[in-house]
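Structure, as structure tokens:
Since the model is a prediction, treat every value here as computed from it, not as a measurement. Lettering of chains follows the sequences in order, A, B, ..., and the numbering in each one begins at 1.
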2 protein chains.
Amino acid sequence: MTATPSPLVLMLRKLETHAVLDAADRVAMLALPYTLRTYEPSSYLVREGDAPEQCAVLLSGFAYRQKLTGAGMRQIVSLHIPGEPLDFQHLFLDVADHNVQTLTRAEVATIPRTALRELARTRASIGNAIFINTLVEASIFREWILNIGRRDARSRLAHFLCEFAIRLDMQGLTGGEGYELPMSQEQLGDALGLTAVHVNRTIKSLEIDGLITRNRRRISFPQWDALRELADFSSRYLHLAQQRL
Amino acid sequence: MTATPSPLVLMLRKLETHAVLDAADRVAMLALPYTLRTYEPSSYLVREGDAPEQCAVLLSGFAYRQKLTGAGMRQIVSLHIPGEPLDFQHLFLDVADHNVQTLTRAEVATIPRTALRELARTRASIGNAIFINTLVEASIFREWILNIGRRDARSRLAHFLCEFAIRLDMQGLTGGEGYELPMSQEQLGDALGLTAVHVNRTIKSLEIDGLITRNRRRISFPQWDALRELADFSSRYLHLAQQRL
DNA sequence: CGATCCATTGAGGGCGATCAAAAACCGTGG
DNA sequence: CCACGGTTTTTGATCGCCCTCAATGGATCG
């Protein structure tokens with residue numbers, strides 16, 4: 001009956017968490033040309049300075065955006081989970097201003113930028129959906145700034161963990177309680193503006209207080225509400241259609 | 001001969017720094033309905049939680065975006081100069097996720113959101129220009145994260161001063177050398193993730209090193225290249241049409 | 001000329017960085 | 001199954017950047 005489902009349905013689902021699309025929109029979007037590719041951990045999908053011609057969508061695995069200072073310090077500026085488009089940020093810009101890298105092994109669908117732009121132009125609702133997606137991303141950037149600028153290490157880490165939990169949940173990627181954190185403490189530090197050593201101590205401190213439990217990189221949340229309060233976390237900035245928290 | 005120029009030409013000029021518009025686009029944009037209003041310093045233009053119905057454009061004066069932690073700490077997440085649209089970030093979102101406040105007395109043109117959305121829908125090039133504008137803003141957010149997360153106070157402040165200089169210059173707002181910083185050291189601290197006291201000491205340290213000179217809030221740059229190097233500043237992330245630096 | 005806001009300066013403390021090393025974990029191959 | 005090199009996590013000790021608290025000085029404006 002049905003053909004094998006296009007891997008782009010993942011992106012579709014993501015876009016539909018913030019925008020309304022009709023059947024024709026869905027068909028048009030799933031008709032986009034794409035190529036599949038698998039990347040090893042730490043592969044570059046976009047390099048600062050590149051002229052982006054493709055638009056990558058993450059199908060499985062995790063990725064992040066990253067910038068480097070002249071002195072070589074790394075700052076991760078966002079984290080991406082399966083289903084999220086990675087290159088809308090460059091859809092209309094000629095030169096990439098940051099790097100995009102895989103965190104884990106990842107499957108990616110690559111769509112020609114021109115096809116996507118054409119689709120956005122001809123179907124206004126899809127154009128809107130793409131726009132909304134980048135607006136929500138911008139909102140997450142703002143909260144990230146607040147988190148790094150004004151919260152201490154414990155709250156900062158807690159906030160990060162909360163955001164990741166909610167976003168995984170939104171995409172239906174949580175298997176019951178907790179999740180596997182797909183990054184090293186070094187990378188966690190780069191995301192939070194801390195050192196790996198201090199991340200380690202901060203995680204342990206949360207663990208000792210019973211706010212999280214850990215097994216390798218698997219984290220769960222026996223006291224979600226307490227963690228959320230410490231994190232000063234409100235999901236408003238994620239612009240969930242239905243505010244679940 | 002010519003009618004009094006619409007105040008919206010300022011926004012038009014801003015959009016045209018990143019996108020190409022034709023004569024018809026310009027006419028259509030200048031035909032947008034708007035109302036003028038003047039705000040006192042520290043007035044709220046948008047409050048977190050609001051349902052934004054208007055889109056404000058800054059005609060004169062300065063403004064900033066800001067978020068607060070539960071504990072009441074403030075983080076400024078962006079700064080805006082005359083000509084910049086302030087509400088594209090909320091054009092397609094139902095609830096504001098941050099506050100927008102004037103820094104100085106400011107004149108603002110307010111455009112109904114529906115009119116702007118309609119214009120973006122019917123004229124693709126204008127829709128693109130608006131999209132590009134938000135993409136560039138997102139890029140500035142990312143650099144802001146890097147700045148706060150990974151640079152020490154001196155470089156951080158220097159980077160902020162460089163960015164402001166370049167952006168003023170882009171909009172043709174620099175009268176010769178240096179500029180008047182439209183904010184208190186307290187506000188600078190809130191922008192940089194520092195305390196006002198430390199901002200004071202950091203400014204003085206830049207001054208002692210001869211990297212800036214000050215008179216009240218007027219700042220000039222006798223050693224621009226040295227400051228730029230300390231700041232680790234590259235203008236790539238601003239996506240200037242012609243890279244001037 | 002007081003009131004208020006802002007800039008400045010000092011003293012002291014703490015959070016997170018730095019440096020260094022050990023321990024745990026991982027995939028690989030003998 | 002164990003030996004291994006490489007990565008990641010963990011822990012300790014010390015340092016320093018920036019914060020906190022507090023007070024003074026300057027500027028502006030009724």
Side-chain angles (χ1 to χ4, degrees), chain A residues 40-42 62 69 71-76 101-105 147-161 180-209 212-219 230, chain B residues 40-42 62 69 71-76 101-105 147-161 180-209 212-219 230:
Chain A
E40 292 303 303
S42 294
F62 296 87
T69 66
M73 313 208 70
R74 185 190 340 275
Q75 177 67 47
I76 292 175
Q101 240 177 321
T102 56
L103 208 41
T104 62
R105 175 187 287 266
N147 202 33
I148 291 180
R150 288 303 187 202
R151 285 196 265 258
D152 67 18
R154 272 168 61 92
S155 297
R156 206 184 294 181
L157 175 58
H159 191 281
F160 180 90
L161 295 175
E180 182 91 10
L181 200 61
M183 59 205 304
S184 70
Q185 293 175 8
E186 178 93 40
Q187 291 164 329
L188 215 36
D190 286 340
L192 297 171
L194 299 169
T195 58
V197 171
H198 199 63
V199 166
N200 182 278
R201 296 187 163 112
T202 307
I203 291 186
K204 195 169 61 163
S205 133
L206 293 183
E207 196 177 15
I208 287 173
D209 290 357
I212 61 172
T213 59
R214 279 191 303 161
N215 191 336
R216 292 291 306 137
R217 289 184 180 174
R218 176 148 209 101
I219 299 196
L230 170 67
Chain B
E40 292 304 304
S42 294
F62 296 87
T69 66
M73 312 208 71
R74 185 190 340 273
Q75 177 67 47
I76 293 175
Q101 241 177 319
T102 56
L103 208 41
T104 62
R105 175 187 289 265
N147 203 32
I148 291 180
R150 287 305 187 202
R151 284 197 265 259
D152 68 17
R154 273 167 61 92
S155 297
R156 207 184 294 181
L157 174 58
H159 190 281
F160 179 90
L161 294 176
E180 182 91 11
L181 242 198
M183 60 205 303
S184 69
Q185 293 177 5
E186 177 94 39
Q187 290 164 329
L188 259 181
D190 286 341
L192 297 171
L194 299 169
T195 58
V197 171
H198 199 64
V199 165
N200 182 280
R201 296 187 162 112
T202 307
I203 292 186
K204 195 168 59 163
S205 133
L206 293 183
E207 195 176 16
I208 288 173
D209 290 357
I212 62 171
T213 59
R214 281 190 301 160
N215 191 334
R216 293 286 306 134
R217 288 185 181 175
R218 176 149 209 100
I219 300 196
L230 170 67

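Side-chain proximity of B:D152 to the nucleotides C:dT8, D:dT11, D:dC18 is greatest for D:dC18. The A:R201 side chain lies nearest to D:dA13 when the options are C:dC26, D:dC19, D:dA13. Distances were taken from every side-chain heavy atom of A:V197 (C-beta onward) to each of D:dC18, C:dC19, D:dA13; the shortest belongs to C:dC19. Side-chain proximity of B:R216 to the nucleotides C:dG16, D:dA27, D:dT10 is greatest for D:dA27.
Taking atom CG of residue B:L194 and atom C1' of nucleotide D:dC17, one finds them 10 Å apart after rounding to whole Å. For the pair A:H198 NE2 and D:dT9 C1', the interatomic distance rounds to 16 Å; values are reported in whole Å. To the nearest angstrom, P of D:dG6 lies 18 Å from CD of A:E186. The NZ-C1' distance, from A:K204 to C:dA23, rounds to 13 Å in whole Å. With rounding to whole Å, A:Q185 atom CD is found 15 Å from C:dA24 atom P. Here C:dC5 presents its C1' atom at 9 Å from CZ of B:R217, a figure rounded to the nearest Å. In this structure, CG of B:L103 is placed 11 Å from P of C:dC6, rounded to the nearest angstrom. Protein atom CG of A:N215 is 16 Å distant from nucleotide atom C1' of D:dT10, rounded to whole Å.
Not one side-chain nitrogen or oxygen of B:T195 sits closer than 4.0 Å to the OP1 or OP2 atom of D:dC18.
B:R154 comes within contact range of no nucleotide atom at all, as no heavy-atom separation falls under 4.0 Å. Residue-level contact check: B:R156 touches neither bases nor backbone, having no heavy atom under 4.0 Å from any strand. Among the protein residues, B:G193 comes within range of the sugar-phosphate backbone only, with heavy atoms under 4.0 Å from sugar or phosphate atoms but none that close to a base.
In terms of position on DNA chain D, the residue among A:N200 and A:R150 whose nearest nucleotide sits closer to the 5' end is A:N200.
Applying the 6.0 Å contact sphere to CZ of B:R105 captures no more than 12 heavy atoms from other residues, nucleotides or ligands.
One N or O on the side chain of A:R156 and one on the backbone of A:R151 form a donor-acceptor pair closer than 3.5 Å. Remark: side-chain polar atoms of A:E207 are not paired, donor with acceptor, to backbone N or O of A:I212 under 3.5 angstrom.
Nearest heavy atoms, A:Q75 versus A:G193: OE1-CA, 3.8 Å. The two residues B:P182 and B:T104 make their nearest non-hydrogen contact at CB-CG2, 3.8 Å.
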